[in-house]
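Notes to accompany the following structure.
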Amino acid sequence: MKLVTFVADGREALGRVDDDGTTVGDLGAVVGDRSLLEVIEAWDRLGPAIGDARDLPVVAGARLRAPIPEPRRDLFAVGKNYREHVAEFGRSGYDTPQRSEDLPDKPIVFSKATTAVTGPFDDVESHPAVTRELDYEAELGVIIGRGGRGISRERAPEHVWGYTIVNDVTARDVQRDHKQWLLGKSLDTHAPMGPWAVSADEIADLGALEVSCTVNGEPRQKAPVADLIFDVPELIRVISAGITLLPGDVIATGTPAGVGIGFEPPRFLRSGDVVECAITGLGALRNTIR
């Protein structure tokens, strides 16, 4: 199922998107005023009812928000998780230590503040008073369904509710100068998410999904999820080893090569640029830099 959080006629509600991704059906009669986060928490009961619902009222003029517009806590995110991106990052001079092109032997996990989350088609603030080196990162987002701690690789798929797209927008100069990633990754509106949250049962082969990104229509990034250095089960195993994952947690799994710092000279985003991040079967984000 493809689920969305939408705003129409002054109210925010949960909807189900049809198979071709063009029509939103209002799920109010099925789930009441519950948010997607609340629905995920009660998925065993509400999931079948949502799937069986027919003749949902069509929502006209819906504006999509992020599927989980206000996560209960920061997003988990993973750095340097595609081989070619490790190389371009190492060559860029923005890494610590500089020019480190060695593959990580353990996942590099950081967080993005909840206030960075914004909608799939909303504008992204350029924050000119804070950064002059704004970059894009198209990523697969994993949405946790059943929480837990000490989750094994083998049991990890049982804890995945579904998937979405995240653009891990990054202020590279802030990331570099502070020698850590939280501030450079967490500026307001710097985590566009959506357009849908797609339940895991719709994805037959996660590795076959292709992550891509264009800037003003120019192709920049393109790679299959199979190219991840640390796959989704391993990320869940590592993160949950001592941290309890909660229903609705989002893990942004890392970005392929082709980001702005990978060019010589770097090609940073500017006001008016349009960034589109897409993943097979998960739709596309389209955000304008303002």
Contact summary for [X] and [Y], nearest pair of heavy atoms:
{"X": "Pro67", "Y": "Pro69", "value": "O-CD, 3.4 Å"}
{"X": "Glu154", "Y": "Pro157", "value": "O-CD, 3.6 Å"}
{"X": "Gly248", "Y": "Ile143", "value": "CA-CG2, 4.3 Å"}
{"X": "Ala278", "Y": "Ala284", "value": "CB-CB, 3.9 Å"}
{"X": "Asp44", "Y": "Pro48", "value": "O-CD, 3.5 Å"}
{"X": "Val215", "Y": "Leu269", "value": "CG1-CD2, 4.0 Å"}

Inter- and intrachain pairs under side-chain hydrogen bond (donor to acceptor under 3.5 Å, both in side chains), touching residues 52-67, at least two apart = Glu12-Arg65
Got a sec, which residues hit side chain to side chain contact (heavy atoms under 4.5 Å, CB included) with Pro256, two or more places apart in sequence or on another chain?
-> Tyr82, Val211, Gln221, Ala223
Under the side chain to side chain contact (heavy atoms under 4.5 Å, CB included) test, residues paired with Arg237 that sit two or more places apart | Arg153, Glu234
Just wondering, do [Y] and [X] contact through their side chains at under 4.5 Å, heavy atoms?
{"X": "Ser111", "Y": "Trp181", "result": "no"}
{"X": "Ser199", "Y": "Trp161", "result": "yes"}
{"X": "Val142", "Y": "Val250", "result": "no"}
{"X": "Asn81", "Y": "Pro107", "result": "no"}
{"X": "His190", "Y": "Thr170", "result": "no"}
{"X": "Thr288", "Y": "Val124", "result": "no"}
{"X": "Val109", "Y": "Ile239", "result": "yes"}
{"X": "Ile144", "Y": "Ile236", "result": "yes"}

Steps toward side-chain contact (heavy atoms from CB on, under 4.5 Å) verdict (Leu134, Ile289) = CA-CA 10 Å; Leu134 197 61; Ile289 308 300; 4.0 Å; yes
Nearest 0.5 Å, please: how far is [atom2] in [Y] from [atom1] in [X]?
{"X": "Leu27", "Y": "Leu56", "atom1": "CG", "atom2": "CG", "answer": "5.5 Å"}
{"X": "Leu282", "Y": "Ile203", "atom1": "CG", "atom2": "CD1", "answer": "5.0 Å"}
{"X": "Ile251", "Y": "Leu235", "atom1": "CD1", "atom2": "CG", "answer": "6.5 Å"}
{"X": "Glu137", "Y": "Ile261", "atom1": "CD", "atom2": "CD1", "answer": "7.5 Å"}
{"X": "Leu285", "Y": "Ile165", "atom1": "CG", "atom2": "CD1", "answer": "5.0 Å"}
{"X": "Ser271", "Y": "Glu125", "atom1": "OG", "atom2": "CD", "answer": "11.5 Å"}

Tell me whether [X] contacts the main-chain N or O of [Y] through its side chain, where contact means a donor paired with an acceptor under 3.5 Å.
{"X": "Ser152", "Y": "Arg155", "value": "yes"}
{"X": "Glu210", "Y": "Ile279", "value": "no"}
{"X": "Ser126", "Y": "Arg290", "value": "yes"}
{"X": "Asn287", "Y": "Gly119", "value": "yes"}
{"X": "Asp18", "Y": "Thr22", "value": "yes"}
{"X": "Thr189", "Y": "Ala116", "value": "no"}

Tell me whether [X] is salt-bridged to [Y], with the criterion being a basic N under 4.0 Å from an acidic carboxylate O.
{"X": "Asp249", "Y": "Arg73", "value": "yes"}
{"X": "Arg83", "Y": "Asp227", "value": "no"}
{"X": "Arg267", "Y": "Glu133", "value": "no"}
{"X": "Arg132", "Y": "Asp173", "value": "no"}
{"X": "Arg72", "Y": "Glu41", "value": "yes"}

List, by chain and number, the other hydrophobic cluster members for [X], where Ile, Leu, Val, Met, Phe, Trp and Tyr join if side-chain heavy atoms come within less than 4.5 Å, directly or indirectly.
{"X": "Val274", "result": "none"}
{"X": "Leu187", "result": "Val130, Val174, Leu183"}
{"X": "Leu182", "result": "none"}

Give a yes or no on this: more than 12 heavy atoms of other residues, nucleotides or ligands lie within 6.0 Å of atom [atom1] of [X].
{"X": "Glu202", "atom1": "CD", "answer": "yes"}
{"X": "Glu70", "atom1": "CD", "answer": "no"}
{"X": "Arg146", "atom1": "CZ", "answer": "yes"}

Evaluation steps, side-chain contact (heavy atoms from CB on, under 4.5 Å), between Val275 and Asn167 | CA-CA 9 Å; Val275 182; Asn167 183 355; 3.7 Å; yes
CA sep, side-chain torsions, deciding dist, call: Leu245, Phe76, side-chain contact (heavy atoms from CB on, under 4.5 Å) = CA-CA 10 Å; Leu245 287 173; Phe76 294 95; 3.8 Å; yes
Mind checking whether [X] and [Y] sit in one hydrophobic cluster, side chains of I, L, V, M, F, W, Y counted as touching below 4.5 Å?
{"X": "Ile151", "Y": "Leu228", "answer": "yes"}
{"X": "Leu246", "Y": "Leu36", "answer": "no"}
{"X": "Leu209", "Y": "Val160", "answer": "yes"}
{"X": "Tyr163", "Y": "Val166", "answer": "no"}
{"X": "Val198", "Y": "Met1", "answer": "no"}

Leu3 pairs by side-chain contact (heavy atoms from CB on, under 4.5 Å) with which of Ile50, Val17, Val31?
-> Ile50
When you look at Thr253 and Phe230, which way does the side-chain contact (heavy atoms from CB on, under 4.5 Å) test go after all the steps?
-> CA-CA 9 Å; Thr253 57; Phe230 303 102; over 6 Å; no
Would you tell me whether Lys112 and Ser186 have side-chain atoms, one donor and one acceptor, within less than 3.5 Å of each other?
-> no
Within 45° of the ring axis of Phe263 and under 6.0 Å from its six-membered ring centre, is that where the NZ or CZ of Arg220 lies?
-> yes
